[in-house]
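Data block below; observations after.
Note that these values count all heavy atoms, side chains included, but never hydrogens, waters or copies made by symmetry. Order of the sequence lines sets the chain letters (A, B, ...), proteins ahead of strands, with each chain counted from 1.
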Number of protein chains: 2
Amino acid sequence: MDHSGILKNISKHISLTKAECDHFISLLEFKKIPAKQLLLNAGEICKHSSYVISGCLRGYMVDKDGFEHVLNFAPQDWWIGDMQSMINQVPGNLNIEALFETEVLMLSKEHQENLYLKIPKFERFFRIITEKSLIAYQQRLMDNLSLTAHDRYLKFCSTYPTLINTIPQKQIAAYIGVTPEFLSKLKAKYLKEH
Amino acid sequence: MDHSGILKNISKHISLTKAECDHFISLLEFKKIPAKQLLLNAGEICKHSSYVISGCLRGYMVDKDGFEHVLNFAPQDWWIGDMQSMINQVPGNLNIEALFETEVLMLSKEHQENLYLKIPKFERFFRIITEKSLIAYQQRLMDNLSLTAHDRYLKFCSTYPTLINTIPQKQIAAYIGVTPEFLSKLKAKYLKEH
DNA sequence: TTAATTTCTTAATCTAGATTAAGAGTTTTT
DNA sequence: AAAAACTCTTAATCTAGATTAAGAAATTAA
């Protein structure tokens with residue numbers, strides 16, 4: 001098992017000794033999720049944060065009319081989980097699905113809490129990535145209130161450049177907040193080259 | 001100066017000794033902002049997190065057509081700041097304005113960083129409130145993608161019950177993402193009693 | 001490989017919410 | 001207290017994006 005990716009990800013924000021790295025790695029659980037299979041079901045209590053080694057996950061909710069809305073994508077090197085469910089330890093509304101075969105390293109909430117006590121630098125690490133995530137959601141919310149669907153599509157492309165041609169268009173539509181039909185129309189009209 | 005409110009707010013998540021409380025309080029700067037005056041201007045680098053003692057602030061952005069979009073309100077007992085600007089120390093897009101005369105306690109980024117080192121429990125405190133904030137923005141984003149303007153108005157009412165009749169309607173419209181005219185129409189049609 | 005399923009496109013029609021405009025309240029300024 | 005400046009409402013018209021429908025492409029399953 002190659003842990004260099006996750007360690008490099010962490011070293012962007014905190015410095016760990018060899019022993020701390022080893023301890024951290026011992027807490028991780030490897031999992032391979034086949035394409036289209038769920039890593040988390042809405043209704044479950046989320047018990048892990050997951051780091052994507054390869055492949056791609058998407059977190060989505062289903063509204064009362066059965067329409068899916070994509071909260072986030074997690075390609076290689078991103079963390080994902082149902083924060084609402086995990087923090088409050090209540091059943092969540094989020095489904096997390098593999099768009100194709102995906103490998104993850106999972107850190108349980110319990111291990112994460114212990115890690116904060118044993119190696120307080122991890123409290124800093126998760127504070128920092130939570131702050132960065134918060135900033136991204138604040139910006140996306142403002143974008144949803146102020147930009148046209150066309151401009152939101154362009155923003156999607158710059159946020160997730162690796163996904164533009166690898167995931168189904170309807171997933172992009174469910175992320176930017178339009179119907180697949182309308183995104184198709186937009187692309188035909190303005191976005192020939194993407 | 002009465003610091004009982006902010007200490008009670010902090011004690012919801014971490015326990016401090018008397019000395020730690022005193023140290024923390026010594027770092028805070030009191031400020032009174034007159035109604036309609038800005039605490040932060042877009043274009044400035046945000047240098048403080050502010051805790052509202054009394055009154056109410058709103059954080060908003062102005063889009064390319066001059067329309068305002070409200071990111072958040074901060075009534076009594078809430079924290080506010082331009083996270084994007086503060087964390088990256090770059091000029092921000094957020095204006096923070098007092099809706100009426102408002103009293104705040106401001107913690108500078110510099111003091112906040114030192115506090116993490118001197119009293120690591122504060123790293124935990126800010127991790128926790130950042131997580132809660134993240135969850136709220138994720139939910140609001142999903143609400144914006146899945147709910148009608150009418151349902152978003154009702155959600156606003158439950159999130160900020162104290163503001164329904166105290167702030168201008170147009171500010172609520174700029175928060176839920178509709179024009180003031182449309183909110184007025186909605187209220188006339190469905191929301192007689194609110 | 002064929003059939004079945006899923007995804008994408010095009011096009012006609014429809015609607016939630018925007019825009020424009022103008023009058024009525026309300027608050028603030030002088 | 002009058003004038004100026006906001007804020008709210010109502011109503012007509014307009015539009016970005018939804019809905020419905022149906023065929024074409026592409027994937028997946030058998």
Side-chain angles (χ1 to χ4, degrees), chain A residues 34-38 55-56 58 60 62-70 73 97-101 143-157 163-194, chain B residues 34-38 55-56 58 60 62-70 97-101 143-156 163-194:
Chain A
K36 297 188 182 181
Q37 193 172 297
L38 292 179
C56 184
R58 70 171 177 125
Y60 68 96
V62 181
D63 72 23
K64 67 177 181 23
D65 300 314
F67 290 101
E68 294 182 1
H69 303 280
V70 173
F73 295 106
E97 180 204 54
L99 287 167
F100 6 96
E101 184 180 86
D143 288 347
N144 272 276
L145 295 180
S146 61
L147 301 181
T148 61
H150 168 260
D151 289 346
R152 278 179 271 139
Y153 178 77
L154 294 180
K155 280 235 171 180
F156 165 84
C157 292
L163 301 186
I164 305 172
N165 295 306
T166 54
I167 68 173
Q169 221 103 104
K170 57 181 279 202
Q171 304 300 350
I172 300 176
Y175 175 93
I176 65 175
V178 294
T179 57
E181 292 85 353
F182 189 70
L183 179 55
S184 183
K185 193 167 151 185
L186 277 184
K187 292 189 74 178
K189 217 186 285 185
Y190 304 110
L191 302 161
K192 296 256 165 57
E193 62 281 6
H194 274 106
Chain B
K36 296 186 184 181
Q37 193 171 300
L38 292 180
C56 185
R58 71 172 177 124
Y60 68 97
V62 181
D63 71 23
K64 67 177 180 23
D65 299 314
F67 290 102
E68 295 183 0
H69 303 280
V70 173
E97 181 204 52
L99 287 167
F100 6 96
E101 184 180 84
D143 288 348
N144 272 278
L145 294 180
S146 61
L147 301 181
T148 61
H150 169 260
D151 289 347
R152 278 178 273 140
Y153 178 77
L154 295 180
K155 279 234 170 179
F156 165 83
L163 301 185
I164 305 171
N165 295 307
T166 54
I167 68 174
Q169 220 103 104
K170 57 180 279 199
Q171 304 300 352
I172 300 176
Y175 175 93
I176 66 175
V178 294
T179 56
E181 293 85 354
F182 189 70
L183 180 54
S184 182
K185 193 167 151 185
L186 276 184
K187 292 190 74 179
K189 218 187 284 185
Y190 304 110
L191 303 161
K192 297 257 167 54
E193 61 281 6
H194 275 106

Margin query: I want to check one thing: is the phosphate of C:dT9, taken as OP1 and OP2, less than 4.0 Å away from some side-chain N or O of A:Gln169?
Written below: yes
Note to self: Given 3.5 Å as the limit, does a donor-acceptor pair link the side chain of A:Asp63 with the main chain of A:Asp65, or not?
What the structure shows: yes
Item checked: Spacing between A:Leu183 atom CG and C:dT9 atom P, to the nearest angstrom -> 8 Å
Next item on the list: State, to 0.1 Å, how close A:Leu183 and A:Val178 come at their nearest heavy-atom pair, and which atoms those are.
Entry: CB-CG2, 4.1 Å
Notebook entry, point to check: Quick one: does A:Cys56's side chain get under 4.5 Å of A:Thr166's, heavy atoms only?
Noted result: no
Notebook entry, point to check: Of all the choices, C:dT9, D:dT7, C:dG17, which nucleotide is nearest to the side chain of B:Ala149 once you look at every atom?
Noted result: C:dG17
Item checked: Proximity to the side chain of A:Val178 - top-ranked nucleotide from C:dT9, D:dG17, D:dT10 -> D:dG17
Notebook entry, point to check: Once you round it to whole Å, what is the distance between C1' of C:dG17 and CG of B:Leu145?
Noted result: 16 Å
Next item on the list: Please report, rounded to the nearest Å, how far the P atom of C:dT9 is from the CD1 atom of A:Ile172.
Entry: 11 Å
Check: Under 4.5 Å between any side-chain heavy atoms of B:Lys189 and B:His150, yes or no?
Finding: no
Notebook entry, point to check: Among C:dT9, D:dT9, C:dA16, which nucleotide sits nearest the side chain of A:Ser184?
Noted result: C:dT9
Margin query: Taking only side-chain N and O atoms of A:Arg152, does any of them lie within less than 4.0 angstrom of OP1 or OP2 on D:dA16?
Written below: no
Item checked: Any B:Thr179 side-chain nitrogen or oxygen under 4.0 Å from OP1 or OP2 of C:dA18 -> yes
Notebook entry, point to check: So which nucleotide from D:dT7, D:dG17, D:dT20 ends up closest to the side chain of B:Lys170?
Noted result: D:dT7
Margin query: Rounded to whole Å, please give me the gap between CG in B:Leu147 and P in C:dG17.
Written below: 10 Å
Next item on the list: Please report, rounded to the nearest Å, how far the C1' atom of C:dA11 is from the CD atom of A:Glu181.
Entry: 11 Å
Next item on the list: For B:Phe182 and for A:Lys185, find the nucleotide of DNA chain D with the closest heavy atom, then tell me which residue's nucleotide is more 5'.
Entry: B:Phe182
Note to self: Contact between A:Leu147 and A:Tyr153 at the side-chain level, heavy atoms closer than 4.5 Å - yes or no?
What the structure shows: no
Check: In whole Å, what is the span from the CG atom of A:Asn165 to the C1' atom of C:dT7?
Finding: 15 Å
Margin query: How many whole angstroms separate atom NE2 of A:His150 from atom C1' of D:dT15?
Written below: 17 Å
Next item on the list: Starting from P on D:dG17, measure out to CG on A:Leu186 and report it in whole angstrom.
Entry: 7 Å
